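Just so it is clear, the structure is predicted and the values come from calculations on it, not from any experiment. First listed ligand is number 1; within each ligand, the first listed atom is number 1.
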Amino acid sequence: AVKERGRSDYRFYQPQMNVGLLSRMKLDQAMRAALEQQQFELHYQPQLCLQTQTITGVEALLRWPHPEHGFISPAQFIPIAEETGTIINLGRWVLRQACQQASLWHRDGKNLTVSVNVSALQFQQTGFVDSVHQALQEFALPPSMLELELTESVLINDVEDTQEKLSALKMLGVAISIDDFGTGYSSFGYLKRLPVSKLKIDRSFIAQVPDNENDSAIVTAMISMAKILGLQVVAEGVETSEQRHFLQLLRCDFLQGFLFSPAQKVEVIDALLRDSNSL
Ligand code: C2E
Ligand code: MG
Ligand code: MG
Ligand code: MG
């Protein structure tokens, strides 16, 4: 009895930690349940091609409309899903869902690439490349319609394994972009070595362009570096027409941001595509 009391006392002495653990566990349980009950949604944010002034791609972004807590941001639940490993099943669902939707758009005659965020743990799975291959086949999706977004930290993790997987994905015909570019361990070495095709400049660099001289210089340098390396560039988080104008002058390839549209349900994207001339 004494021992038991001792144990429970130990727990009571760290109430915050327990609450923290409990809510993490609860969130993880809720995530698993939501996945089973098909509560997650994929929304899509348009990417505007500056050369053609049309929407040529969309980024798939997870949305969790939680019955009690309202809308839960992926910035809150993705890190926990990564810690608990739930991201593996969640990521698999995202990949298949995005491929299915991309395939529907393709059959509709829409020439739209769909970008999917891939987390480190998901990418590190032995069967990751196979799962991409399977999803493409299952939904009869041309590989060039799919893009995978990886962050710099994923790329430098296990360089040999990364190189192997990226080469295999490239052989499949799937494009790779580096997400949040500039926030991680940017190294010219890996940019040259790895078969990536696009850089997505993190929105923290775009936010104060063109007013902030340093940020403007950095963005200018990033875009010209990308061009020298033969990479395409996407600017993330474009919110103002001043930013758009600045990026247009630099011949940035694609823009993504609230100026055009946040991530939206498929029906809204379809409507946007119908009158995308108005962008
Ligand atoms: P990310 O991949 O860098 O996605 C871009 C984020 O910036 C999205 O936030 C998007 O809504 C937001 N955004 C886009 N344009 C603007 C803008 O003009 N202004 C501002 N302030 N924000 C803008 P979101 O949807 O909350 O996602 C946050 C992060 O969660 C994503 O960052 C990504 O890292 C992760 N995430 C989202 N969906 C998935 C997923 O399916 N799988 C994985 N592994 N991660 C995901
Ligand atoms: Mg992304
Ligand atoms: Mg990003
Ligand atoms: Mg990100």
**Request:** Find all atoms of ligand 1 within a distance of less than 4.0 Å from any non-hydrogen atom belonging to S119, and give their numbers and elements.
**Result:** 44 (N)
**Item:** Within reach of ligand 1, part of D179 (heavy-atom separation under 4.0 Å)
**Value:** side chain
**Prompt:** Counting backbone and side chain alike, does D180 bring an N/O/S atom below 2.8 Å of the Mg ion (ligand 3)?
**Reply:** yes
**Prompt:** Should you measure from each heavy atom of E239, which atoms of ligand 1 turn up under 4.0 Å away?
**Reply:** 17 (C), 18 (O), 19 (N), 20 (C), 21 (N)
**Asked** Using 4.0 Å as the upper bound for N to carboxylate O, is an ion pair formed by D28 and R24?
**Response** no
**Prompt:** With a 4.0 Å heavy-atom cut-off (strictly under), which part of K200 contacts ligand 1: side chain, backbone, both or neither?
**Reply:** neither
**Request:** Tell me which part of R203 gets within contact of ligand 1: side chain, backbone, both or neither, using heavy atoms under 4.0 Å.
**Result:** side chain
**Message:** Taking 4.0 angstrom as the limit and counting only heavy atoms of P74, give me the atoms of ligand 1 inside it, by number and element.
**Reply:** 24 (P), 25 (O), 26 (O), 27 (O), 30 (O), 37 (C)
**Request:** Could you check which of L62, L95, T183 puts a non-hydrogen atom nearest to atom 38 (N) of ligand 1?
**Result:** L62
**Request:** Only heavy atoms count here, so choose which of I78, D202, L121 is nearest to atom 45 (N) of ligand 1.
**Result:** I78
**Message:** Under 2.8 Å from the Mg ion (ligand 3), can any N, O or S atom of D179 be found?
**Reply:** yes
**Residue selection (non-hydrogen contact nearest atom 40 (C) of ligand 1) among V118, N117, V154** = N117
**Asked** Quick check: does A60 get an N/O under 3.5 Å from an N/O on ligand 1?
**Response** no
**Request:** Might you work through the side chain to side chain donor-acceptor pair (under 3.5 Å) test for E59 and S115, ending with a clear yes or no?
**Result:** CA-CA 5 Å; E59 176 176 7; S115 300; over 6 Å; no
**Prompt:** Is it true that L146 and L172 fall in one hydrophobic cluster, defined by side-chain heavy atoms closer than 4.5 Å?
**Reply:** yes
**Prompt:** Between the main-chain N or O of R32 and the side-chain N or O of E36, is there a donor-acceptor pair closer than 3.5 Å?
**Reply:** no
**Message:** Test of geometry: compute the angle OE2(E59)-the Mg ion (ligand 2)-OD1(N117) and round it to 10°.
**Reply:** 90°
**Request:** Heavy-atom contacts with V238 under 4.0 Å: which atoms of ligand 1 show up? List them by number with element.
**Result:** 18 (O)
**Fill in**
Of L259, T240, L150, L61, the residue with the heavy atom nearest atom 31 (C) of ligand 1 is L61
**Request:** Return the orientation label for the W64 and F77 ring planes: parallel under 30°, perpendicular over 60°, tilted otherwise.
**Result:** perpendicular
**Message:** Using every non-hydrogen atom in the two residues, find where M225 and L191 come nearest and quote the distance to one decimal.
**Reply:** CE-CD1, 3.7 Å
**Asked** Relative to the heavy atoms of G257, which atoms of ligand 1 are at a distance of less than 4.0 Å?
**Response** 15 (N), 18 (O)
**Non-hydrogen side-chain atoms of M145 and W105 separated by less than 4.5 Å** = no
**4.5 Å side-chain heavy-atom contact, L48 and V238** = no
**Complete:** Among Q45, R63, H43, the residue with a heavy atom nearest to atom 25 (O) of ligand 1 is R63
**Co-membership, hydrophobic cluster, residues F254 and I201, 4.5 Å side-chain** = no
**Request:** Determine, for F123 and K165, whether the Lys NZ or Arg CZ falls below 6.0 Å from the six-membered ring centre while staying within 45 degrees of the axis.
**Result:** yes
**Prompt:** Does some non-hydrogen atom of E236 fall short of 4.0 Å from ligand 1?
**Reply:** yes
**Item:** Residue pairs involving residues 212-236 (criterion side chain to side chain donor-acceptor pair (under 3.5 Å); sequence neighbours excluded)
**Value:** none
**Prompt:** When you measure from the Mg ion (ligand 3) to each N, O or S atom of E236, which atom gives the shortest distance?
**Reply:** OE2
